[in-house]
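In what follows, chains are A, B, ... by sequence order, proteins preceding strands, each numbered from 1.
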2 protein chains.
Amino acid sequence: MNKEYILELLLTNKIRKTQFRIELLEVFMNTKYGLSFKDVKERISSTQDKVTIYRALTIFEKKGIIHKVPNTNDVSKYAICPEACSEKAHQHNHAHFICTQCEKTFCVDEIELPILKKVKGYKIKRSNLTLEGDCPDCI
Amino acid sequence: MNKEYILELLLTNKIRKTQFRIELLEVFMNTKYGLSFKDVKERISSTQDKVTIYRALTIFEKKGIIHKVPNTNDVSKYAICPEACSEKAHQHNHAHFICTQCEKTFCVDEIELPILKKVKGYKIKRSNLTLEGDCPDCI
DNA sequence: AAATTAAACGCAACTAAGTTGCATTTAATT
DNA sequence: AATTAAATGCAACTTAGTTGCGTTTAATTT
Ligand SMILES: [Mn+2]
Ligand SMILES: [Mn+2]
Ligand SMILES: [Zn+2]
Ligand SMILES: [Zn+2]
């Protein structure tokens, strides 16, 4: 069933069903927190080439399959988009929690994001709420 | 007066009053948006050494004088902390706006952040609201 | 004012993240 | 089976950020 969903996801986004890209999506779907490039590489067996991995991350993000999690350190982390995002609309309505101890990042669906259209001259198209603290494993 | 404030800031944080660090704080105080390492380097004349600049950014952040702005791209941006932050308490109550056109990042004081203590097992110590869209200059 | 001390500086060398170009392979289409 | 464009893999590159270490200098002590 997950496999079905993955194949459909690739099909509708016109991404070819290669072993690596299927495996990559499986990894994302089986991980409840955000993954860095390094995390991904460790969890994958069908390739170890960084260019290949980066290109997959880039196109998945562009197509709205995964999204970057905003953070304050240098390494990007990616997580699967829980709602139906697309190349055009990449809007989420969930917050992200970053554990300051283990550095894991989680998507948190329990919180309603404040919806803001306009603030003093700014045109707001998207908003991200990032929470920091201790995750269940580290408390 | 700004100069007074800068000197006091350095004094209370036990940071030596070197020409560069004073200049760096002046730059931050005179800029209404977040600055990357590169931005800083361009605006500074007393040194061009990256190690010196990075070390100042790091210690200023640690002392609660400046803060990193959460983002989804690879370069960190720093902005001055508008409230009285310290080494112990680095808590802000303002959002950040990132312009998707000019990439400038602004601190936005107009928005009240939702204060969240606990969500499903997570212990929340800090929260960051990041807004994306068009800034006044780019609208 | 001179001596002391630790913070700050500056340079070289390094690590890690991420990108670009290009030739080769392969999934999907005809 | 032939075609084609997407995907892969390797080398080489760029940029962000760090580490080690010797030198300088701001601040403190005498
Ligand atoms: Mn998420
Ligand atoms: Mn700010
Ligand atoms: Zn944790
Ligand atoms: Zn702008």
Minimum side-chain heavy-atom gap A:I53-A:K41 below 4.5 Å: yes
Whole-Å gap separating C1' (D:dT19) and NZ (B:K50): 12 Å
Test item: B:K77 side-chain N/O and B:G34 main-chain N/O as donor-acceptor pair under 3.5 Å: no
Spacing of B:F37 atom CZ relative to D:dT15 atom P, expressed in whole Å: 12 Å
Length of the line joining B:I15:CD1 and D:dT25:C1', which is rounded to integer Å: 17 Å
Pairing partner (Watson-Crick or G-U wobble, both distances under 3.5 angstrom) of C:dG21: D:dC10
5' priority, DNA chain D, between A:R16 and B:V75 [closest heavy atom]: A:R16
Spacing between B:N71 atom CG and D:dA16 atom P, to the nearest angstrom: 13 Å
Close residues, residues 17-31 of chain A, relative to DNA chain D [heavy-atom separation under 4.0 Å]: A:T18, A:F20, A:R21
Greater than 12 external heavy atoms within 6.0 Å of B:Q19's CD: no
Any donor-acceptor N/O pair, B:R43 side chain to B:D39 backbone, under 3.5 Å: yes
Backbone N/O of B:N13 and side chain of B:K63: donor-acceptor pair under 3.5 Å: yes
Nearest-Å distance for atom pair CZ/P, residues A:R55 and D:dA6: 13 Å
A:T47 side chain near D:dG9 phosphate (N/O to OP1/OP2, under 4.0 Å): yes
B:V51-B:I59 co-clustered via ILVMFWY side chain contacts under 4.5 Å: no
Which atom of B:H67 lies closest to which atom of B:I80, heavy atoms considered: CE1-O, 3.5 Å
Distance in angstrom units between B:K41 NZ and D:dT15 C1', rounded: 11 Å
Side-chain donor-acceptor contact under 3.5 Å, B:S127 with A:E132: no
Bounds of contact between DNA chain C and chain B, in 5' to 3' order, using a heavy-atom cut-off under 4.0 Å: C:dA6 to C:dG18
Rounded distance in Å - CG (B:D49) to P (D:dT24): 15 Å
d(CG, A:N13; P, D:dA6) in whole Å: 14 Å
Whether B:T31 side chain and B:Y33 backbone form a donor-acceptor pair below 3.5 Å: no
